[in-house]
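The structure appears right after this line, and notes come after that.
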Amino acid sequence: MSTADQLRAELARAARALGAPPDVAPILERPRDPAFGDWTSNIAMVLARPLGRKPRDVAESLVQSLDLAAGGIRSTEIAGPGFINFRLETGTLAGVLPVILKQDAAFGRSVVGAGKKVNVEFVSANPTGPLHVGHGRQAALGDAISALLEVTGWSVSREFYYNDAGVQIANLALSTQARVRDLAGEATDVPEGGYHGEYIREIAERYVETYPADAHGDDLDQLRRFSVQELRKEQDRDLQAFGVQFQTYFLESSLYENGAVDRTVRALVDGGKTYEKDGALWLCTTAYGDDKDRVMRKSDGTFTYFVPDVAYHVTKWERGFARAINVQGADHHSTVTRVRAGLQAIGMGIPEGYPDYVLHQMVTVMKAGEEVKISKRAGSYVTVRDLIDEVGRDAVRYFFLMRKGDSQLVFDVDLARSQSEENPIYYLQMQHARMCGIFRNGGIAAHEISADGVDLSVLGEPEEQELVKALADYPALLVNAAQALEPHRLAGYLQETAAKASKWYHKHHVLDEPEPIFKARLVLARATQVVLRNGLAILGVDAPERM
RNA sequence: GCGCCAGUAGCUCAGUUGGAUAGAGCAACAGCCUUCUAAGCUGUGGGUCGGGGGUUCGAUUCCCUCCUGGCGCGCCA
């Protein structure tokens with residue numbers, strides 16, 4: 001039990017002794033200003049109304065009945081309208097450091113997810129072109145969310161879903177065919193709805209090399225398979241360069257082949273929420289909050305995309321995922337209601353909010369002071385690969401993760417490149433490298449640093465106390481960030497913690513200090529390095545030992 | 001017209017279930033390299049938290065309304 005939990009429990013006990021409602025949960029948080037202590041609680045103000053007393057009176061009574069020793073409290077004060085501020089003993093504060101050293105790479109891990117299975121689906125780009133910057137944002141977000149869930153005790157499976165057989169893929173095959181015929185000297189137009197990118201020409205060239213017998217591109221089926229395969233390979237190279245790995249690649253075509261789509265349609269019809277109109281089959285999505293009903297089966301007999309989508313999510317449930325999280329661009333937000341409606345209409349006991357969606361706003365790319373229009377069909381994009389090549393994998397990941405997904409993101413390529421020396425990611429990595437530099441200069445093996453027998457109460461400098469508090473907050477921050485599915489909170493935390501580490505580093509020395517100080521500070525340096533490294537790992541960013 | 005997301009310092013953005021004097025980076029200005037990495041540190045200036053109303057001890061945060069911007073509103077995916 002952490003000291004904060006002990007304090008919280010003690011506050012709850014004192015509050016109930018005063019006659020507070022039994023469900024009262026005392027809020028204990030870090031005050032904005034360190035002058036207000038190490039922890040602060042607003043509980044007296046919350047209780048003032050139910051108890052019919054003035055906030056400061058309630059605070060007074062609470063403080064008198066608190067068992068201060070139980071929480072390692074040095075002093076309390078009542079401030080402002082009724083805040084109770086707590087100051088901890090220095091030794092209590094530093095109690096987290098031995099824990100960090102002992103747990104090392106495991107520090108911050110928790111079991112709140114209880115090992116339950118969660119499916120995180122992201123990127124899910126159809127194999128009709130290279131991954132663009134929006135996919136990059138999804139890759140960074142999805143991978144970091146997955147990592148956050150893993151360290152908080154969930155059993156995570158990363159999944160990539162793609163369509164390998166639909167209308168878009170047929171257009172892809174026709175586009176490649178047109179380029180193959182170009183190569184054969186027959187001027188051919190790319191078909192309506194086809195793809196114009198330079199990469200199609202390159203695929204056509206490889207096709208002709210691979211299948212010299214079909215130099216005129218007559219075998220459309222072979223063209224389709226080859227194009228899909230080439231583009232999938234290309235996307236996988238990009239994902240690998242970005243450091244993202246998926247456990248499962250799920251093909252939309254499999255849902256047709258194994259009958260899942262038909263079963264889903266039957267289940268929906270049996271559920272009684274469908275009707276025929278104008279030769280089409282409709283689903284009453286309005287019964288689940290949609291603004292109009294949606295067509296499932298068109299009058300030409302084919303299904304609209306959302307039917308396989310529902311079938312797909314049924315498989316997630318059937319595969320035992322208690323929770324499913326989809327990371328998508330906000331331009332897909334209209335599918336949220338539809339997919340959830342379909343799952344409800346089947347009536348197989350899937351929870352109402354299934355699946356969760358993390359929708360991110362659009363990325364616009366600026367280059368040479370102008371917005372680059374991203375359009376697959378016009379063949380103009382900035383790819384993930386472009387960004388990685390220009391500013392580096394770590395910077396691209398961090399850039400996408402340091403802002404919350406709800407905000408639109410302007411990615412100025414020139415700025416990102418020219419700023420590379422000012423980039424916040426270097427600052428963060430630098431603080432980590434500096435801690436490692438201390439160990440290196442001292443000829444100390446980092447993993448052998450131990451807090452055993454070290455008097456940590458000598459860490460009394462303000463910069464030390466601030467840094468120690470930040471390190472102690474790490475596990476709770478991970479739980480909050482994971483629960484909110486918001487990796488940017490971790491990015492912000494690391495930035496603040498690195499700043500505190502930097503202030504401490506510049507003001508106080510570790511090596512060549514008197515032994516008790518040296519030993520204690522070495523522990524603090526190691527603990528700082530461990531937390532920075534662990535946090536960066538979750539964001540998928542390297543923590544170099546020297547720069 | 002309807003729905004979703006946003007509007008916070010010159011710029012890019014944080015602000016964790018409502019808390020005390022609203023923060024960071026960049027940019028600007030002034031200092032700091034015989035000191036474990038100056039890719040850094042210290043300090044200064046900079047705000048109608050889009051406007052208005054409401055809820056309460058207390059609102060950037062919750063509710064209503066209006067304004068502005070982005071996205072989506074198909075028998076496309």
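In what follows, chains carry the letters A, B, and so on, assigned in the order in which the sequence lines appear, proteins first and then strands, with residues in each chain numbered from 1. All values below were derived from every heavy atom in this structure, side-chain atoms included, with hydrogens, water molecules and symmetry-related copies excluded.
Aromatic stacking of A:H333 on B:C5: not satisfied for centres closer than 5.5 Å together with planes under 30 degrees. Stacking is found between A:F36 and the pyrimidine-like six-membered ring of the B:A20 base under the 5.5 Å centre-distance and 30° plane-angle cut-offs.
Residue A:M45 has its side chain nearest to B:G19 when only B:G19, B:U16, B:C36 are considered. Between B:U37, B:C76, B:C5, one nucleotide has an atom nearer to the side chain of A:K298 than all others, and that is B:C76. Of the candidate nucleotides B:U37, B:A14, B:G40, B:U37 has the atom nearest to the side chain of A:A433. Ranking B:C41, B:A20, B:C75 by closeness to the A:F83 side chain, first place goes to B:A20.
Positionally, the nearest nucleotide of RNA chain B for A:M547 lies more toward the 5' end than for the other of A:H506 and A:M547.
A:A79 comes within contact range of at least one nucleobase, with a heavy-atom separation under 4.0 Å. Residue contacts shown for A:G492 are absent, as no nucleic acid heavy atom lies under 4.0 Å away. Residue contacts for A:K507: at a heavy-atom cut-off of 4.0 Å it reaches no nucleic acid atom on any strand shown.
With respect to the salt-bridge test (charged N to carboxylate O, under 4.0 angstrom), the residues A:K503 and A:E466 do not qualify.
Listed by chain and number, the residues in a side chain to side chain contact (heavy atoms under 4.5 Å, CB included) with A:Q465 are A:T90, A:L93 (sequence neighbours excluded).
Comparing the C1' positions of B:U37 and B:G46 gives an interatomic distance of 32 Å, to the nearest angstrom.
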